[in-house]
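Heads up: the structure comes next, in structure tokens.
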Amino acid sequence: MKIMLPSQSPMMSKDFVFGVATASFQIEGGADQRLPCIWDTFCATPGKIRDGSDGKQACEHYNLWQQDVELIESLGVDAYRLSISWPRVINQDGSLNEQGVNFYIQLLDALNDKGIKPFVTLYHWDLPQHIEDKGGWLNRETAYLFQDYADKISQALGKRVHSYATFNEPFCSAYLGYEVGIHAPGLAKVQYGRQAAHHILLAHGLAMQVLQKNSPQSLNGIVLNFTPCYPATDSQADIDATKLADEYMNQWYIKPLFDGAYPDSFALLGEDAPRIETGDFDIIRQPLDYLGINFYTRAVYTATAQGSYQQIDMADKPKTDIGWEIYPQAFTDLLTSLHALYPLPPIYITENGAAMADKLDADIVNDQDRIDYYQAHLLAVNAAIEQGVTVAGYFAWSLMDNFEWAEGYLKRFGIVYVDYQTQQRTIKNSGLAYRDLINSRNG
Ligand code: IFM
């Protein structure tokens, strides 16, 4: 029932930031009070979302935000990570939408009043549909529109934000959205995926420039997700194939930030290579105040006869309800390997958590499986810290159950249970255990 860390761990100091995280499209609802985004369109396309649902209501956070702030406070966290809906705050002509901006100003003020640090992500996948209609992330111009949005919103929010992330998980937007098409906007072509990734990284660099100017007092950075890659056997073929997979899925999005270049396997892309302009890497490689890392699982690869890689299913291994293997050692391995490869700024674990098959029974969700997941993964972060990695904070994904993208509402990641009929929130046992861990910290 408890989550515990060694009492001498730096994570048990009050300087370490514990938080909970959400994203605009996944919780807000209030879709009639903003412009349409690519996920509205994707949800309206038959067959794209497993339960045929959408984000029109979601957790109705747009209306229930005050009680949600109280819920966050009751968990005892130091910080709340949220994202801003671009189509809520910027009108089609590029001007600020006052009503949308006021929603976030009120939310941020309420958090700051309670001493909860707002960590704000500018892009958690809800691209305005009118921008997608002009090519979305395949159009270089979108990077400049994003810079303009970052400029306007950071000026409007003033000093209310503790930390900005330009993007959440460029891999997901580019690869899942434009390369394999299982996320919005649902396009599927290798060249598209690589081009979208390049324009997103460019947009990140352009936005960092305005954030450092408009909001020098906040911690400004980016959030990347990683799925560490392991070879199925110790054969050289599997090891080589796994390196290729790691470059393609993971290093692709971090190497340009620190080294100003794509991994060596860029050379294999041929005609699928993205168009890159002179000076792009200088824009992308901006100094970062922090790096956000999201971790859930690992992937195991074997070599194919064609010299490529193929992910294998770890059939006999423990998995979460979304089918992701539970392998906490990969979290430690990830953090220590990134530390060895790149000159990292302080790291925040901006997402970690598990979908489990929760049952609400007499106002209790006894999610011992999720408690075990958090316990093992927090210890994995602690192990990385012991090996010299600087980790300044950890956010549980998610504050509450919400719209899990292509899975709709079928998968529950929250430490708070949401009854979507009544919008009743119930803190799960994992939420209580997380609260107790946070409250048990030293001094
Ligand atoms: O729900 C998502 C979140 O939006 C981004 N990171 C992974 C989570 C779980 O799939």
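Both counts, for ligands and for their atoms, begin at 1 and track the order of listing. Just so you know, these numbers come straight off a predicted model, no measurement behind them.
- The shortest N or O to N or O distance between Glu169 and ligand 1 is under 3.5 Å.
- At least one N or O atom of Glu351, backbone or side chain, sits closer than 3.5 Å to an N or O atom of ligand 1.
- Side chain of Asp419 to main chain of Gln424: no donor-acceptor pair is present (N/O by atom type, distance under 3.5 Å, no hydrogens or angles).
- Each of the following atoms of ligand 1 lies closer than 4.0 Å to a heavy atom of Glu404: 1 (O), 2 (C), 9 (C), 10 (O).
- Under a 4.0 Å criterion applied to the non-hydrogen atoms of His124, ligand 1 contributes the atoms 3 (C), 4 (O), 5 (C).
- Under the 30°/60° scheme for interplanar angles, the aromatic rings of Trp86 and Phe146 are found to stand perpendicular.
- Residues Lys114 and Glu73 are paired through a salt bridge, judged by an N-O separation under 4.0 Å between the basic side chain and the carboxylate.
- Checking side-chain atoms of Asn168 against main-chain N and O of His124 turns up no donor-acceptor pair under 3.5 Å.
- Other residues, nucleotides and ligands place no more than 12 heavy atoms under 6.0 Å from the NZ atom of Lys243.
- Under 4.0 Å from ligand 1, the heavy atoms of Trp324 that appear belong solely to its side chain.
- Considering backbone and side-chain atoms together, Trp405 places an N or O closer than 3.5 Å to an N or O of ligand 1.
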